[in-house]
**Student:** 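Below you will find the structure I want to go over with you.
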Amino acid sequence: MPDATTYTLNTNEIYNELEKRAEEKAEKRFVFIRSEKYEKILLAKLRTELKLAHNDKVSFNQLTDEAMNTDKYKKWLADYSNKAKEYELAKDKYNNFVAFKDMKITEESSARYLINKK
């Protein structure tokens with residue numbers, strides 16, 4: 001049986017890392033939600049601009065389709081997608097660190113159990 005080694009878990013360091021990652025996750029969510037809510041505002045502005053350019057009756061659906069085909073909307077969509085990705089990564093990194101912390105605690109408990117079993 002290999003020798004079991006115990007470690008001292010640096011709880012302050014772990015806590016500070018969790019706090020930092022939680023802040024990053026919250027900030028990414030904030031930016032993502034703002035971008036998500038901006039879509040309605042952007043589409044309304046683009047539809048208004050397009051309606052003025054048409055000078056005749058045009059359906060709401062056609063204006064929406066045309067608005068979604070503009071460079072402004074495409075730029076917003078790329079930015080929105082990037083913010084969604086950043087938020088998901090921040091969430092995953094936070095959850096991965098929580099899992100890592102739990103694994104380290106389990107590893108320490110197992111090592112102490114094996115040492116005490118001798």
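Just so you know, these numbers use all the heavy atoms, side chains as well, and skip hydrogens, waters and symmetry mates.
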**Student:** Evaluate whether atom CG of Asp71 has more than 12 neighbouring non-hydrogen atoms of other residues, nucleotides or ligands under 6.0 angstrom away.
**Tutor:** no
**Student:** Do Asn82 and Glu86 have side chains that get closer than 4.5 Å, going by heavy atoms?
**Tutor:** yes
**Student:** I'd like to check Asn10 versus Ile14 (side-chain heavy atoms, cut-off strictly below 4.5 Å). Are they in contact?
**Tutor:**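 Not touching, per the 4.5 Å side-chain cut-off.
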**Student:** Find out if a path of hydrophobic residues (ILVMFWY) with successive side-chain heavy-atom gaps under 4.5 Å connects Tyr38 to Met68.
**Tutor:**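 Linked within one cluster.
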**Student:** Look only at the side chain of Asp79 and the backbone of Lys75, and say whether a donor-acceptor pair between them is shorter than 3.5 Å.
**Tutor:**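 It does not hold such a pair.
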**Student:** Roughly how far, to the nearest 0.5 Å, is the NZ atom of Lys93 from the CD atom of Glu17?
**Tutor:** 10.5 Å
**Student:** Please determine, by modelled atom types, if Tyr94 and Glu24 share a side-chain donor-acceptor pair under 3.5 angstrom.
**Tutor:** no
**Student:** So Lys91 and Lys28, do their side chains get closer than 4.5 Å, heavy atoms only?
**Tutor:** no
**Student:** Do Ile33 and Leu42 share a hydrophobic cluster (ILVMFWY, side-chain heavy atoms under 4.5 Å, transitive)?
**Tutor:**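 Linked, Ile33 and Leu42 end up in one cluster.
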**Student:** Over all heavy atoms of both residues, which pair between Leu50 and Ala67 is shortest? Give the atoms and the distance, please.
**Tutor:**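 Result for this residue pair: CD1-N, 3.4 Å.
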**Student:** Verify the cluster assignment for Ile105 and Met103: are they in a single hydrophobic cluster under the rule of side-chain heavy atoms below 4.5 Å apart?
**Tutor:** no
**Student:** Flag the pair Lys104 / Glu108 as yes when at least one side-chain heavy-atom distance between them is below 4.5 Å, and no otherwise.
**Tutor:**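 The answer is no; the side chains never approach within 4.5 Å.
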**Student:** So, taking the atom named OH in Tyr73 and the one named CG in Leu46, what distance separates them when rounded to the nearest 0.5 Å?
**Tutor:**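 With rounding to 0.5 Å, OH (Tyr73) is 9.5 Å from CG (Leu46).
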**Student:** Quick check for you: to the nearest 0.5 Å, what is the distance between Arg47 atom CZ and Asn61 atom CG?
**Tutor:**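 So the gap between those two atoms works out to 9.5 Å.
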**Student:** Determine, stepwise, if the pair Phe32 / Tyr80 fulfils ring-ring contact (aromatic ring centres under 6.0 Å, His included).
**Tutor:** CA-CA 7 Å; Phe32 168 68; Tyr80 173 78; 5.3 Å; yes
**Student:** Could you state the interatomic distance from OG (Ser81) to NZ (Lys83), rounded to the nearest 0.5 Å?
**Tutor:**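 One gets 11.0 Å once the value is rounded to the nearest 0.5 Å.
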**Student:** Look at the side chain of Asn96 and the backbone N and O of Asp92, then say whether any donor-acceptor pair between them is shorter than 3.5 Å.
**Tutor:**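 It does hold such a pair.
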**Student:** Other residues, nucleotides and ligands only: do more than 12 of their heavy atoms fall within 6.0 Å of CD on Glu36?
**Tutor:**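 Enclosed: over 12 neighbouring heavy atoms sit under 6.0 Å from CD of Glu36.
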**Student:** Is it the case that the side chain of Trp76 and the backbone of Ser35 share a donor-acceptor pair, with hydrogens and angles ignored and the cut-off at 3.5 Å?
**Tutor:** yes
**Student:** Please name the residue in the list Glu49, Glu39, Glu66 that meets the salt bridge (Lys or Arg N to Asp or Glu O under 4.0 Å) test with Lys72.
**Tutor:** Glu49
**Student:** Kindly compute the distance separating NZ (Lys51) from CZ (Phe60), expressed to the nearest 0.5 Å.
**Tutor:** 10.0 Å
**Student:** I need the Lys101 NZ to Phe97 CZ distance, nearest 0.5 Å.
**Tutor:**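 Atom-to-atom, Lys101:NZ and Phe97:CZ are 9.0 Å apart.
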**Student:** Would you say Val31 and Tyr87 make side-chain contact, with heavy atoms under 4.5 Å?
**Tutor:**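 No; the side chains remain at least 4.5 Å from each other.
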**Student:** Can you list the steps and then say if Lys45 with Ile41 is a side chain to side chain contact (heavy atoms under 4.5 Å, CB included)?
**Tutor:** CA-CA 6 Å; Lys45 286 180 180 179; Ile41 297 166; 4.0 Å; yes
